[in-house]
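What follows is one structure encoded as structure tokens, with my remarks underneath.
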2 protein chains.
Amino acid sequence: MTESTRELRSALVEAGHRLTGPRIAVWEVVAGSESHLTAEEIAEAVRSADPTVNLSSVYRSLALFTDLGLVRESNLGANEATHWELAHPDEQFHLKCKACGRVEHHTGDLVTQIESHLSDHHGFKASRVELLVTGMCAECSQSHSSNT
Amino acid sequence: MTESTRELRSALVEAGHRLTGPRIAVWEVVAGSESHLTAEEIAEAVRSADPTVNLSSVYRSLALFTDLGLVRESNLGANEATHWELAHPDEQFHLKCKACGRVEHHTGDLVTQIESHLSDHHGFKASRVELLVTGMCAECSQSHSSNT
DNA sequence: ATCTAATTGCGAACCATTTGCAATAAGCTG
DNA sequence: CAGCTTATTGCAAATGGTTCGCAATTAGAT
Ligand SMILES: [Mn+2]
Ligand SMILES: [Mn+2]
Ligand SMILES: [Zn+2]
Ligand SMILES: [Zn+2]
């Protein structure tokens, strides 16, 4: 049993769930990837290891992992499928380049400042912050510029 | 012709589009509401004035208005239908209370600071910022507290 | 009043996600 | 290890929001 599987097991057991084949497979894929994946992409990768795993089970595993705080679910655009990735904190937010499509992470304490401000001045207790900045990344604004 | 319709007409004409019954009806509903409405809710309201207007036309009008910058489209939660409202700037973001469900607006210059920081230090040119803070509003955290 | 292209209504298609249910298997317990 | 209970799975069908194709309508120009 791999180290990553061990982590999964303890999280599952602690919450009273079972360690199963499909869950392990989904976990390995998500934990072993750097990117934001759709359920279908995850299912595809999972199937290469075990072709019997069903897409429904992938969805169910992801929902459970999200619940346990192991993975993070993101909407990276209207009418786009949900993307999943290993959990990361709120203050690490998303920069999406509309030219190349890449999604980068950016850590800023400004998110934390917003939370504090809302709590201190407005009594709003934030439990989750989702910040998506869409625009042009450095590389793309460079290559798309019409200068000499 | 109402004032609000006149505004719509000039925006449409300027972009080479026609002023039509369905577009006026959708516009009146969105412009006359304070809240974030789903396409179905808008269609319902539109039908009370003109029952012949189709849901597809509502979607098409909303897509066009969004394109023209007249309305704003928001995802206020995973697996929830898209919501529309009259356009408002990026720095006016969303606070969603998970207890009462209300969505409030909050204006903070911190969003603008994030944009500047990304531009100055990372060469990322933001064109749109979507910030959704989920948590408990002041009223709800008060009434849900278990104190004497 | 005529003309033409944009727009609409309608129904069907689409796509991501969820669900019901019978079959399977994880993790006790002895 | 074998038996038992119940969570979990695979499958296929349902769902719900949104889009699409196309023929009929209509806005706006001439
Ligand atoms: Mn991320
Ligand atoms: Mn809003
Ligand atoms: Zn880019
Ligand atoms: Zn509330």
Side-chain angles (χ1 to χ4, degrees), chain A residues 1 5-6 8-27 29-30 36-44 46-47 49-68 70-71 73-84, chain B residues 1 5-6 8-27 29-30 36-44 46-47 49-68 70-71 73-84:
Chain A
M1 179 178 297
T5 304
R6 223 181 320 273
L8 174 64
R9 184 180 53 185
S10 65
L12 287 177
V13 166
E14 178 167 6
H17 296 284
R18 296 179 182 175
L19 181 66
T20 69
R23 284 175 183 166
I24 295 172
V26 169
W27 176 250
V29 169
V30 175
H36 301 82
L37 304 168
T38 64
E40 189 58 65
E41 289 167 338
I42 294 168
E44 221 167 300
V46 162
R47 280 186 216 116
D50 177 353
T52 73
V53 176
N54 194 271
L55 181 58
S56 302
S57 301
V58 172
Y59 274 107
R60 288 189 276 232
S61 297
L62 291 170
L64 176 61
F65 297 169
T66 303
D67 234 50
L68 299 179
L70 297 171
V71 307
E73 212 177 314
S74 303
N75 267 131
L76 299 171
N79 306 341
E80 271 189 51
T82 307
H83 288 251
W84 283 268
Chain B
M1 178 178 298
T5 304
R6 223 181 319 273
L8 173 64
R9 183 180 54 184
S10 66
L12 287 177
V13 166
E14 177 167 8
H17 297 284
R18 296 181 181 175
L19 182 66
T20 69
R23 284 175 183 166
I24 295 174
V26 169
W27 177 250
V29 170
V30 174
H36 302 81
L37 303 167
T38 64
E40 189 58 66
E41 289 168 339
I42 294 169
E44 222 169 298
V46 162
R47 280 186 217 116
D50 177 352
T52 73
V53 176
N54 194 271
L55 179 59
S56 302
S57 300
V58 172
Y59 273 107
R60 288 189 276 231
S61 296
L62 290 170
L64 176 60
F65 297 169
T66 303
D67 235 49
L68 299 179
L70 297 172
V71 307
E73 212 177 316
S74 304
N75 268 132
L76 300 172
N79 305 342
E80 271 189 49
T82 307
H83 288 250
W84 283 268

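Counting any heavy atom pair closer than 4.0 Å across all strands shown, A:Arg23 reaches sugar-phosphate atoms only and no base atom. When heavy atoms are screened at a 4.0 angstrom cut-off, A:Thr38 is found touching no nucleic acid atom at all. B:Thr20 comes within contact range of the sugar-phosphate backbone alone, with a heavy-atom separation under 4.0 Å but no base atom that close.
The side chain of A:Ser57 contributes an N or O atom lying less than 4.0 Å from OP1 or OP2 of D:dG10. Between A:Thr82 and C:dT17, a side-chain N or O to OP1/OP2 separation shorter than 4.0 Å is present. For A:His17 and D:dA7, the shortest distance from a side-chain N or O to OP1 or OP2 is not below 4.0 Å.
In terms of position along DNA chain D, the nucleotide closest to A:Gly16 lies nearer the 5' end than the nucleotide closest to the other residue of the pair A:Gly16 and B:Arg18. Residues A:Leu55 and A:Arg60 each lie close to DNA chain C; by heavy-atom proximity, the contact nearer the 5' end of the strand is made by A:Leu55.
A donor-acceptor contact under 3.5 angstrom links the side-chain atoms of A:Ser56 to the base of D:dA12.
We find that OH of B:Tyr59 is positioned 13 Å from C1' of C:dC15, with the value rounded to whole Å. The distance from atom CG of B:Asn54 to atom C1' of D:dA24 is 14 Å, rounded to the nearest whole Å.
Taking all atoms of both residues into account, the shortest heavy-atom contact from B:Ala43 to B:Leu55 is CB-CD1, 3.7 Å.
In this structure, the nucleotide among C:dT18, C:dC10, D:dT18 sitting nearest to the side chain of B:Asn79 is C:dT18.
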